[in-house]
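Working notes, beginning with the structure itself.
As the structure is a computational prediction, the values presented were derived from the model and not from experiment.
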Amino acid sequence: MEGSSESGWQRSDNTSHDSGFISGRKGRETSTGWLHHRTQFGDRAVAAAEPLVPAVECSDISLRQWLDNPERKVDSLECLHIFSQIVEIVNLAHSQGIVVHNVRPSCFVMSSFNRVSFIESASCSDSSSGSHEYGQMAEFKGSSSPLHHESNSQKQGGSMLSEARGSEQAEEKKHSFPMKQILLMESNWYSSPEEAASSPPTCASDIYQLGVLLFELFCTFSSLEEKSTTMGSLRHRVLPPQLLLKWPKEASFCLWLLHPEPSSRPKLCELLQSEFLNEPRDNIEERKAAVELREQVEEQELLLEFLLLMQQKKQEAADSLHETISFLSSDIEEVSKLQTALRVKGGSISQLSRNSASGPPMMNITDDDDSNSSGSRKRFRQGIYIDNTEESDGHAHAHADEHQKSEVPDGNQGSALSKNYRLMTNFRKLESAYFLTRRRAVKPTGRPLAGHSPVSSDGRRSIALTERSSVSNLSSKERYDDQRQSGWINTFLEGLCKYLSFSKLKVKADLKQGDLLNSSNLVCSLSFDRDGEFFATAGVNKKIKVFEYSSILNEDRDIHYPVVEMASRSKLSSICWNGYIKSQIASSNFEGVVQVWDVTRSQIFTEMKEHEKRVWSVDFSVADPTMLASGSDDGSVKLWNINQGVSVGTIKTKANVCCVQFPLDSGRSLAFGSADHRIYYYDLRNSKMPLCTLVGHNKTVSYIKFIDSTTLVSASTDNTLKLWDLSMCTSRVLDCPLQSFTGHLNVKNFVGLSVSDGYIATGSETNEVFVYHKAFPMPALSFKFNNTDPISGDEVDDTSQFISSVCWRGQSSTLVAANSMGNIKLLEMV
């Protein structure tokens, strides 16, 4: 129970000494009230528990239920065993001047070994006076905290009582006597004559109740009517003949306890010294010893079961840890071998460099402008030396050893990476990514090993090939063999290096427009042309604006004007530049119209009006530049041939289509995201059913982008991006994404998505741009837009603003981002 360990009660080690009695043996403490007593067999010592509400064990039952079991057989020793425990509990209370008043079967529970425990439950309360009388127990001597009235105990133990009552109700159905009726009649049966006359209860009243209880222990009934009649006659000291004949001594003892005059009833000390309780004590003690032995055996079995289970779990953990350490050692050995081999190759190159007068010295690589080269992204940072055979300068290896010695202090060679704050901050997530990559089978990506055009900003090919500097004279076949031998290493190392390659996003330029005061400046879509020379913006201002990238970098200009501006009749939701025909831009609008524009002439090339509702997304096929796809709120995806101006195919779905995307190397396949939280991948030659359905998002899928021919990333308003490998889809349904990216906030708006060379850019409803790398689930970089008042120029905090669109500039480290106020910035990873 929450808070019970400290705030609700405190355990006192001195309780038993102060109160004058010895704590009982450690047993299963079962109680649903504030008082709990347990008899210590053998020396009659009784334990009083602290005021706490432990749970009733499932094996414990109410004494009332046990008595009313119609199949119960009377065992003299068993009944005396139970009765003697209850007498000792009452004696404990009387020894401290406390009237129990509730010596009734419903206020006791029994364990499977006939251990009796007293509880003060709701069923025990029959009058306010009784509750108050029992509440006057105040506290036991030496108890660490006072006992509350019964009403308080009911509040504190409410949850446990409800559980106990639930189990009791389940048990009721197994009994012939209705429990509720019995409990109502029980208070009358156990009321002493003086209580019936409205006199306050006394210790003698408890003796009377003991007499009724002893009678019930030795008497069984076949029906409720018989029990009710017999118990009614008991008040007049009329006992059934079968009891007098079969248990004469017990019957005589009952009559003594049930004397109508309180003064004529025995005291508890007389009961404890009576021949009735002491004569069978040897037999009772023998039974108690057997019960205790059984109980100890059961406890030992429970302990043994716990230890075996714990041993099993720890052994499984040890086996798993051993396996982890084993492949970690294997990986360390493998990486060490690769490092040694690279150093040997670096030494050979160094020797060649010394013999060559034209050999340039080693230098840190920088990029002045964006040279569409992923090789330009490599940075060498102090304290970390990253050796990459594909992306490093050829002469870097000539000085690898010297560089490492100079960059990493001698005492910190083993902990150079630990100096990197971002790595250590995200160490757990990097560790998880390592294990995920390590255990995942290395599969071919489907890309050619050479001559493959890199992926552009929106998941399409770039005309400018990525420049790769040669590090060795290895042939393509040798390099492929090295990649196969290194297995998972290249995958994880590439991700780790790219994750750590940049430290921040900086503003390269602010796009300053003349209509900032226009309230309808939300930019819904951004797109670069195939060469990265121009980018276009579109949004709710019903305009497509084309800007020249190089002119935006001119910081001397107060206002940047578009080189081309084209007006639409409706708000624009999406634009896409043709990856082959540089002058063509496709757009979609809120009226369901798809248009293709001729940018050089600033006019519409073709217009298609077959959608019935708003179109959210358009995309040109890279493999077939005349093929265009669009997705709409009318639940359809349409395929268009821009030369024909009509749809050449339609895919109908049951939900709104929010995004469409062609794969990189084929015009015969298409993926789209839907408001039903799913992504569908179709072979357009058979559009009757999807080739694969991707299931994993919890809300609308707002964007999808292909990273390569079989890998795509999706964005959703469930606050996540997910990475999918289509080659893993074997049964038309894929519900296991490779990665889930979290860190940004996206629950209601479309915030943009763009991919480039493994980097994934997205917006956030916190007015921030986030950049992830496909290898790791946490953000690599982020940048928050400053909210500036267009009139005063002061920064303001407007929580309603969000990033509405992002787009990479080809394969460079630059991206353009816009927010809901129409602010557009060119950002660069540095």
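Looking at N656 and D633, their side chains do bring a donor and an acceptor atom within 3.5 Å of each other. Between T700 and S702, the side chains place no donor N or O within less than 3.5 Å of an acceptor N or O (distance only, hydrogens not considered). Side-chain N/O atoms of S740 and T720 include no donor and acceptor closer than 3.5 Å. In this structure, a donor-acceptor pair under 3.5 Å is absent between the side chains of S630 and K638.
Of all non-hydrogen atoms in N589 and V593, the two that sit nearest each other are OD1-N, 3.0 Å. Summarising the geometry of S602 relative to V564, their closest heavy-atom pair is OG-CG1, 3.3 Å, with the distance given to 0.1 Å. Contact detail for F662 and M627: the closest heavy-atom pair is CZ-CG, 3.5 Å. Between F783 and L505, the shortest heavy-atom contact is CD1-O, 3.5 Å. Of all the heavy atoms in G532 and R809, the pair that sits closest is O-NE, 2.9 Å. Taking both residues in full, the closest heavy atoms of M566 and Q603 are given as SD-N, 4.3 Å, listed atom of the first, atom of the second, then distance.
Aromatic pair Y759/H773: centroids less than 6.0 angstrom apart. Taking the six-membered ring where the residue is Trp, the centroids of F672 and Y682 are separated by under 6.0 Å. Here the two rings, on F750 and Y703, have centers that are under 6.0 Å apart.
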* To do: Start with the C-alpha gap between H697 and S714, add the side-chain angles, then the distance that decides, and say whether side-chain hydrogen bond (donor to acceptor under 3.5 Å, both in side chains) holds.
  => CA-CA 9 Å; H697 282 295; S714 59; 2.7 Å; yes
* Candidate pair L721 and Y772, rule side-chain contact (heavy atoms from CB on, under 4.5 Å), full reasoning -> CA-CA 10 Å; L721 309 180; Y772 297 88; 3.9 Å; yes
* Asked: Passes side-chain contact (heavy atoms from CB on, under 4.5 Å), V637 versus L670? Steps please.
  -> CA-CA 10 Å; V637 174; L670 181 74; 3.5 Å; yes
* **N541 and N521: CA distance, side-chain angles, deciding distance, side-chain contact (heavy atoms from CB on, under 4.5 Å) verdict** => CA-CA 6 Å; N541 62 3; N521 273 328; 4.2 Å; yes
* Asked: Is there a salt bridge (Lys or Arg N to Asp or Glu O under 4.0 Å) between R685 and D683 once you walk through the steps?
  -> CA-CA 5 Å; R685 294 167 294 183; D683 183 338; 3.0 Å; yes
* To do: Please step through side-chain contact (heavy atoms from CB on, under 4.5 Å) for the pair W724 and I679, ending with a clear verdict.
  => CA-CA 10 Å; W724 308 86; I679 302 156; 3.7 Å; yes
* To do: Run the numbers on T711 and D708 for side-chain hydrogen bond (donor to acceptor under 3.5 Å, both in side chains), then give the verdict.
  => CA-CA 5 Å; T711 308; D708 56 48; 3.0 Å; yes
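With rounding to the nearest 0.5 Å, the separation of CG in L691 from CG in L726 is 8.5 Å. Atoms CG and CH2, from L815 and W808 in turn, are 4.5 Å apart once rounded to the nearest 0.5 Å. A distance of 14.0 Å separates CZ in F770 from CZ in F741, rounded to the nearest 0.5 Å. Rounding to the nearest 0.5 Å places OH of Y680 at 15.0 Å from OG of S687. Distance CD/E768 to CG/L781: 12.0 Å, rounded to 0.5 Å. Remark: W616 CH2 to C524 SG distance equals 7.5 Å, nearest 0.5 Å.
For the side chain to side chain donor-acceptor pair (under 3.5 Å) criterion with S636, the lone passing option out of K652, H611, E610 is H611. Just one residue in the list L723, I707, L694 forms a side chain to side chain contact (heavy atoms under 4.5 Å, CB included) with L712, and that residue is L694. The only member of V816, D531, T814 that meets side chain to side chain contact (heavy atoms under 4.5 Å, CB included) when paired with Y549 is T814.
Considering only heavy atoms from C-beta on, I581 comes within 4.5 Å of S583 through its side chain. Between L511 and F547 there is a side-chain heavy-atom pair separated by less than 4.5 Å. At a threshold of 4.5 Å between non-hydrogen side-chain atoms, the residues I575 and I544 count as touching. Contact annotation: the side chain of F620 never approaches that of T626 to less than 4.5 Å [non-hydrogen atoms, C-beta and beyond]. In this structure the side chain of T710 reaches within 4.5 angstrom of the side chain of D725, judged on heavy atoms. In this structure, the side chains of V755 and F706 stay at 4.5 Å or more apart for every pair of heavy atoms. Using a 4.5 Å heavy-atom cutoff, the side chains of V523 and S804 are in contact. Inter-residue side-chain proximity for V596 and L628 is flagged as met; some heavy-atom pair is nearer than 4.5 Å.
Judged purely by atom type and a 3.5 angstrom limit, S805 uses its side chain to pair as donor or acceptor with the backbone of L526. Remark: side-chain polar atoms of E612 are not paired, donor with acceptor, to backbone N or O of G592 under 3.5 angstrom. Put simply, the side chain of Q584 never gets that close to the backbone of W597: no donor and acceptor are under 3.5 Å apart. Checked by atom type and distance alone, the side chain of D529 pairs as donor or acceptor with a backbone atom of E533 at under 3.5 Å. Proximity of a side-chain donor or acceptor of S617 to a complementary backbone N or O of G631 within less than 3.5 Å is not detected. A donor-acceptor pair is defined here as one N or O able to donate and one able to accept, closer than 3.5 Å; such a pair exists between the side chain of D718 and the backbone of N698. Remark: side-chain polar atoms of S820 are paired, donor with acceptor, to backbone N or O of F802 under 3.5 angstrom. Under the 3.5 Å distance criterion, the side-chain polar atoms of R530 are matched with a main-chain donor or acceptor of Y580. In terms of modelled atom types and a separation under 3.5 Å, the side chain of T653 and the main chain of G635 share a donor-acceptor contact. At distances below 3.5 Å, at least one donor-acceptor pair connects side-chain atoms of N819 with backbone N or O atoms of M821.
Salt bridge E607/K609: present, at least one basic N to carboxylate O contact under 4.0 Å.
Under a cut-off of 6.0 angstrom, the local environment of CZ in R614 is crowded, with over 12 non-hydrogen atoms contributed by other residues, nucleotides or ligands. More than 12 heavy-atom neighbours from other residues, nucleotides or ligands sit within 6.0 angstrom of CD on E565. Counting heavy atoms of neighbouring residues, nucleotides and ligands inside a 6.0 Å radius, atom NZ of K582 exceeds 12 of them.
Cation-pi geometry between K825 and F785 is met: under 6.0 angstrom from the ring centre, within 45 degrees of the axis.
The aromatic rings of F492 and F776 lie perpendicular to each other, with more than 60° between the two planes, well past the 30° mark.
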